[in-house]
Amino acid sequence: MLVYPSGIDLSSRVLQHLSGLLAGHRRRIGSRWRRLTCGRQALLVLAHLRCGDTYARLAAGFRVGIATVYRYIREAVDLLAALAPTLEQAMTAVRKKAYVILDGTVLPIDRIAADQPYYSGKKKHHGMNVQVLADPAGRLIWASDALPGAVHDLTAARTHGIPAALTADDIKCWADKAYQGAGPAVRVPFRGKNLRGWRRRHNRDHARIRSLGERAMATLKCWRLLRKLRCSTTRITAVVRAVVALELAT
């Protein structure tokens with residue numbers, strides 16, 4: 001196996017943050033010896049999340065077994081996922097904002113045609129539906145649990161209780177046409193292709209505000225593992241939460 005050095009487009013602050021979490025965890029559980037130090041384990045985990053490197057490639061690069069790579073990544077992902085904000089905590093943060101932007105995305109997964117609950121008719125591929133809240137500048141605030149890709153954005157938002165939480169706290173929200181009927185707190189554009197007059201101007205202004213939410217989506221997908229998830233669908237929520245925790249911490 002040939003091994004070559006590579007780079008990860010993250011700052012040393014991210015590495016130090018994750019390394020500190022792992023060091024604290026090892027002290028709590030009384031871990032005496034590991035094949036990799038906390039810093040090397042953190043680097044391994046970041047290579048997996050940010051670059052999408054497989055277990056086999058990481059095992060060769062860090063000179064450990066594939067089972068060890070699996071354990072190290074699962075341990076770190078679970079630690080990070082526990083730090084991700086809940087919807088209630090996110091509502092506390094957005095009360096200070098003028099408004100929030102709600103959007104949904106379908107993260108691709110390696111399912112086959114028989115797995116119908118995971119097939120998104122809109123995206124034309126199998127995936128997991130994740131709802132995202134962003135601030136007026138497009139910065140990521142919160143991401144939901146992952147649901148099968150066949151779930152519509154509006155259904156997903158209601159399942160997570162997003163419209164109810166926004167209405168209860170009287171928080172203004174901008175969203176796309178998929179959220180028609182979500183409630184008074186969620187502002188959506190008018191439907192139709194040949195709109196004229198004030199309706200057309202309204203949709204143009206609405207799109208200008210809502211488009212900033214794409215920055216939050218881009219922030220998530222900079223973590224290349226989320227561009228093609230090959231893990232169990234039961235682990236995708238933890239992976240998304242781990243990424244959110246890293247983004248908010250650094």
Side-chain angles (χ1 to χ4, degrees), residues 8 10 14 18 21-22 41-42 44-58 66-67 69-90 102-134 140-162 178 213-214 216-249:
I8 305 175
L10 292 171
V14 181
L18 180 53
L21 285 177
L22 291 170
Q41 182 182 355
L44 181 150
V45 173
L46 292 176
H48 178 66
L49 295 176
R50 188 72 173 187
C51 304
D53 289 344
T54 63
Y55 293 166
R57 291 180 62 182
L58 293 169
I66 293 178
V69 171
Y70 171 80
R71 289 196 303 271
Y72 279 176
I73 290 175
R74 188 181 182 99
E75 178 182 53
V77 165
D78 287 344
L79 280 175
L80 289 167
L83 299 177
T86 63
L87 182 58
E88 292 75 17
Q89 292 169 334
L102 171 63
D103 202 357
T105 187
V106 177
L107 302 175
I109 59 175
D110 62 342
R111 300 293 96 174
I112 60 176
D115 297 318
Q116 287 300 320
Y118 299 101
Y119 185 78
S120 170
K122 179 181 178 181
K123 298 295 184 179
K124 306 302 181 185
H125 62 70
H126 291 77
M128 298 293 284
N129 184 303
V130 174
Q131 301 295 301
V132 172
L133 288 176
L140 181 66
I141 295 176
W142 173 82
S144 72
D145 294 349
L147 295 175
V151 177
H152 190 272
D153 280 340
L154 178 57
T155 303
R158 285 173 171 166
T159 299
H160 300 306
I162 301 171
E214 295 299 328
M217 291 301 182
T219 297
L220 275 182
K221 293 178 181 179
C222 280
W223 298 81
R224 296 172 186 85
L225 182 66
L226 298 183
R227 298 179 188 177
K228 185 67 173 182
L229 288 153
R230 295 177 174 84
C231 60
S232 168
T233 55
T234 60
R235 292 292 300 164
I236 293 176
T237 291
V239 171
V240 172
R241 286 182 170 275
V243 169
V244 172
L246 283 171
E247 283 291 341
L248 295 182

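The analysis underlying the following values was restricted to heavy atoms, covering all of them including side chains, and did not include hydrogens, waters or symmetry mates.
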**Report entry** Heavy-atom check, side chain of Leu147 versus side chain of Gln131, under 4.5 Å
**Finding:** no
Requested in this report: Taking only Lys NZ, Arg NE, NH1 and NH2, and the carboxylate oxygens of Asp or Glu, determine whether Arg235 and Asp78 approach each other closer than 4.0 Å.
Outcome: yes
Query raised in the report: Where the side chain of Lys221 meets the backbone of Ala218, is there a donor-acceptor pair that is under 3.5 Å apart?
Result: no
**Report entry** Euclidean distance, Leu80 CG relative to Leu248 CG, rounded to 0.5 Å
**Finding:** 11.5 Å
Query - Spacing of CG belonging to Leu18 relative to CG belonging to Leu79, to within rounding of 0.5 Å - result: 8.0 Å
Requested in this report: Name the orientation class of the two ring planes belonging to Tyr55 and His48 (parallel below 30°, tilted from 30 to 60°, perpendicular beyond 60°).
Outcome: tilted
**Report entry** Close side-chain approach of Lys122 and Val106, heavy atoms under 4.5 Å
**Finding:** no
Requested in this report: Determine whether Thr155 and Asn129 make a side-chain contact, defined as any pair of heavy atoms from C-beta on separated by less than 4.5 Å.
Outcome: no
Query raised in the report: Between Val244 and Leu83, does a side-chain contact (heavy atoms from CB on, under 4.5 Å) hold up when you go through it step by step?
Result: CA-CA 9 Å; Val244 172; Leu83 299 177; over 6 Å; no
Query raised in the report: How many angstroms lie between atom CE of Met217 and atom CG of Leu107, to the nearest 0.5 angstrom?
Result: 8.5 Å
Report summary line: What one should report as the nearest heavy-atom pair of Gly161 and Leu87 is O-CD2, 3.8 Å
Query raised in the report: Considering all heavy atoms of both residues, which atom of Pro117 and which atom of Pro148 are nearest to each other, and what is their separation?
Result: O-CB, 3.0 Å
**Report entry** Spacing of Arg230 atom CZ and Leu225 atom CG [to the nearest 0.5 Å]
**Finding:** 8.5 Å
Query raised in the report: Between His152 and Leu154, is there a donor-acceptor pair closer than 3.5 Å when you use the side chain of the first and the backbone of the second?
Result: yes
Query raised in the report: Closest approach of Leu140 and Glu247, non-hydrogen atoms and distance?
Result: CD2-CB, 4.4 Å
Query raised in the report: Would a 4.5 Å heavy-atom cut-off, applied to side chains only, mark Leu246 and Leu10 as touching?
Result: no
**Report entry** Minimum side-chain heavy-atom gap Leu226-Thr105 below 4.5 Å
**Finding:** no
**Report entry** Minimum heavy-atom distance between Cys222 and Arg227, given as atom pair plus value
**Finding:** CA-NH2, 4.1 Å
Requested in this report: Take atom CZ of Arg224 as the centre, draw a 6.0 Å sphere, and report whether it contains more than 12 heavy atoms from other residues, nucleotides or ligands.
Outcome: yes
Query raised in the report: Hey, does Tyr72 have a side-chain heavy atom less than 4.5 Å from the side chain of Leu58?
Result: no
Report summary line: When every non-hydrogen atom of Pro85 is compared with those of Trp142, the smallest separation belongs to O-CD1, 3.2 Å
Report summary line: For Ala134 and Ile141 the tightest heavy-atom approach is C-CD1, 3.6 Å
**Report entry** Atom pair OG1/NE2 of Thr233 and His126 - distance to nearest 0.5 Å
**Finding:** 12.0 Å
Report summary line: CG of Asp53 to CG of Leu44, rounded to nearest 0.5 Å, is 9.0 Å
